[in-house]
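The structure appears below as structure tokens.
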Amino acid sequence: MKSTIIALILVVTTNAFSQQKSKTLPKPFSTKDKVVSVFTSADSTNLRLTNTDNLKFSELKQPLETQTCIFVNPSKTFQTFLGIGGAITDASAEVFAKLSKDKQQELLNAYFSKDKGIGYTLIRTNINSCDFSSDMYTYVNEGDRELKTFSINHDKQFKIPLIKKATETAGGKLTLFVSPWSPPAFMKDSKNMLKGGKLLPEYYQPWANYYVKFINAYQKEGIPVWGLTIQNEPMATQKWESCIYTAEEERDFLKNYLGPTLNKAGLGDKKISVWDHNRDLLTQRASTILDDPEASKYVWGIGFHWYESWSGGKQMFENVGKVNEMYPNKNLLFTEGCVESFNAEKYQLWKNGQRYGESMINDFNNGTVAWTDWNILLDENGGPNHVGNFCFAPIHGDTKTGELIYTPSYYFIGHFSKFIGKNAKRVSSVSSRSTLITTSFMNQDGKVVTIVMNQSGKKVTYNLCVGTSVTEVSILPHAIQTLVY
């Protein structure tokens, strides 16, 4: 009897182990019978997310040094992809409202439809006014410490209707995060929403309550709020709405006020990102906040922008990777980037799009899980903007002619957002030559998406290598390609 029981235990254990093993071991990626669909956007051509090739793999056991190669290894996986999108600001919503119904639908499809457009799944919006608002506003009357007058009626005219339409076009679900540019003036030492200033300590709790009021008000409108950043650009004294927090001040506001207040209000599931500023001070801010366990427990991720090149230097992509190395359990979220200094003569300037391609490839390769552009739509002046800080958007709506103007940036972003699905895994993707940069993801359906950007002024022929399988691809000067296989 004893030997029978032991035999049964062995059989059950063996079966359980084999079932567990079969569940945890993914099927190795195979190129057998795979077609590589190539989509291209190229300077000085009509190619815009155009299917330019459908290729097949052959065998190449050992590439040569004389060959340019992109090496993809789908078995080496990294971060899980969350999404790509842009900001629905007051400016975007106001311009949208001036478009004809046909053009409104065209814009919605262009951004939020996977089939007709580039499939945005991520949205950011502003709490209180920002520079891309037509005027300065808050949701309470001046001096209302108790927030008894709190109302989002301002947003019901333009922003909320557009967010709802975008969500509907995207299939009923978008990942929305929210950011304040400044608390109300009465809560600050400067008594001014513009030009920096600091949140007064006696208003830490009322300001924490303000986030709760805003999130609850939006959710009451049927708009789920996925997450928030604590403060847009907390080290920048801007001529527009701004508020300064040192790293210690942001840490202490989070751990002593905002984090506990959200938890108490039943909003502890909202994803909080800190910093929300440029890559230059990214490591210092992350270290100060995340090395404090009481603050770190409230932090989902670290947000960052791309404007550190204002100093004349290059973009500090490696700082993103350093934070990823130091805090692998936290998420990296690109929260804002745009091409500054609007000039209508540069609508089709190709290098504006290249800036997006370079940043997105490098940010993803350094561990970023999601990437958010700035305004989805601006007018023919690069606004409206109540302090004259006019910028580019991927699409402009000319309010005089009623036309939509698509810039190269739209297509560069689309090479990522149209093809990479939520919960995709980034996989190893390496170029053998500095002229080409690349990143790759594997979607949940098992297809690999490889993005390749040609930084040179010459046509390049390269080998896409997956193990010992290869296909030869040509990429035009300054072009970007997405390969799906």
Side-chain angles (χ1 to χ4, degrees), residues 39 49 80-97 99 101-126 155-156 158-179 215 218-229 269-271 273 331 333-338 356 360 364 368-378 393-397 404 406 409-424 441 443-445 447 449 482 484:
F39 300 86
L49 285 166
T80 302
F81 179 79
L82 173 64
I84 291 169
I88 293 181
T89 56
D90 293 299
S92 295
E94 287 168 29
V95 176
F96 179 83
L99 298 174
K101 294 293 181 191
D102 286 350
K103 290 297 176 183
Q104 286 183 349
Q105 193 58 54
E106 182 186 329
L107 182 103
L108 290 167
N109 288 340
Y111 275 121
F112 300 103
S113 167
K114 202 84 168 175
D115 300 326
K116 299 174 184 176
I118 60 174
Y120 272 12
T121 57
L122 189 64
I123 287 297
R124 183 192 193 203
T125 200
N126 48 297
D155 294 5
K156 290 180 181 178
F158 297 117
K159 264 203 312 184
I160 285 174
L162 178 51
I163 291 169
K164 286 182 174 178
K165 286 175 182 174
T167 304
E168 185 183 344
T169 309
K173 194 170 182 185
L174 283 175
T175 300
L176 171 72
F177 71 98
V178 299
S179 306
I215 292 168
Y218 261 60
Q219 296 198 150
K220 193 176 177 184
E221 287 295 312
I223 300 173
V225 175
W226 167 85
L228 63 150
T229 69
D269 61 331
K270 304 307 174 191
K271 309 296 188 288
S273 293
N331 299 283
L333 171 65
F334 184 90
T335 47
E336 184 188 316
C338 77
Y356 279 84
M360 295 177 82
F364 284 129
T368 299
V369 301
W371 211 94
T372 326
D373 183 39
W374 192 203
N375 304 277
I376 64 166
L377 177 68
L378 293 173
I395 302 176
H396 286 260
L404 293 176
Y406 294 78
S409 303
Y410 170 82
Y411 299 101
F412 271 81
I413 297 169
H415 274 275
F416 301 80
S417 60
K418 188 174 178 67
F419 302 99
I420 308 168
K422 189 174 181 179
N423 295 319
F441 287 82
N443 284 326
Q444 288 192 302
D445 64 2
K447 285 191 175 181
V449 175
T482 302
V484 183

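Counting begins at 1 with the first residue of the sequence. All values reported here derive from a predicted model rather than from experimental measurement.
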(message) Between Tyr410 (side chain only) and Ala110 (backbone N and O only), is there a donor and an acceptor less than 3.5 Å apart?
(response) yes

(message) Using every non-hydrogen atom in the two residues, find where Pro161 and Asp155 come nearest and quote the distance to one decimal.
(response) CD-O, 3.8 Å

(message) With heavy-atom distances below 4.5 Å as the criterion, would you say the side chains of Asp115 and Asn109 are in contact?
(response) no

(request) Just say parallel, tilted or perpendicular for the rings of Phe39 and Phe419, cut-offs at 30° and 60°. (result) tilted

(request) Mark yes or no for whether Lys116, through its side chain, and Lys114, through its backbone, hold a donor-acceptor pair below 3.5 Å. (result) no

(message) Is it the case that the side chain of Tyr218 and the backbone of Val225 share a donor-acceptor pair, with hydrogens and angles ignored and the cut-off at 3.5 Å?
(response) no

(request) Taking all non-hydrogen atoms of both residues into account, name the closest pair between Asn375 and Ser92 and its distance. (result) CB-OG, 3.6 Å

(request) Measure the spacing between OG1 of Thr121 and CD1 of Ile84 and express it to the nearest 0.5 Å. (result) 7.5 Å

(message) Has Asn443 got a side-chain atom pairing as donor or acceptor with Gly421's backbone, closer than 3.5 angstrom?
(response) yes

(request) Give the ring-plane orientation class for Tyr411 versus Tyr406, where under 30° counts as parallel, over 60° as perpendicular and anything between as tilted. (result) tilted

(request) Rounded to the nearest 0.5 Å, what's the gap from CD1 on Ile88 to CD1 on Ile123? Could you check? (result) 4.0 Å

(message) Nearest 0.5 Å, please: how far is OG1 in Thr89 from CG in Leu377?
(response) 8.5 Å

(request) Report the C-alpha separation of Leu49 and His415 in whole Å, then their side-chain angles, then the decisive distance to 0.1 Å, and conclude whether the side-chain contact (heavy atoms from CB on, under 4.5 Å) test is met. (result) CA-CA 7 Å; Leu49 285 166; His415 274 275; 3.5 Å; yes

(message) To the nearest 0.5 Å, what is the distance between OG1 on Thr482 and CZ on Phe441?
(response) 11.5 Å

Anything under 3.5 Å between a donor and an acceptor, one on a side chain of residues 165-177, the other on a protein residue two or more places apart or in another chain? List them.
from, atom 1, to, atom 2, distance (Å)
Thr167, OG1, Ile163, O, 2.7
Thr169, OG1, Lys165, O, 2.8

(request) Please name all residues satisfying salt bridge (Lys or Arg N to Asp or Glu O under 4.0 Å) with Lys447, sequence neighbours left out, ordered by chain then number. (result) none

(message) Minimum heavy-atom separation for Gln444 and Lys422, please, with both atom names.
(response) OE1-O, 3.8 Å

(message) Looking at every non-hydrogen atom in both residues, tell me the closest pair between Phe364 and Ala370 and how far apart they are.
(response) CE2-N, 4.4 Å

(message) Looking at every heavy atom in both Lys103 and Leu404, which two are closest together, and how far apart are they?
(response) O-CD1, 3.7 Å

(request) Drop me the distance from Lys418's NZ to Ile118's CD1, to the nearest 0.5 angstrom. (result) 8.5 Å

(request) Output the distance between atom CH2 (Trp371) and atom CD1 (Ile413), rounded to the nearest 0.5 Å. (result) 6.0 Å

(message) Tell me the closest heavy-atom pair linking Leu333 and Ser273, and the distance in Å.
(response) CD2-OG, 3.8 Å

(request) Would you indicate whether the side-chain heavy atoms of Lys159 and Asp90 approach each other to under 4.5 Å? (result) yes

(request) Go through the side-chain N and O atoms of Ser179 and Arg124 and say whether any donor and acceptor fall under 3.5 Å apart. (result) yes

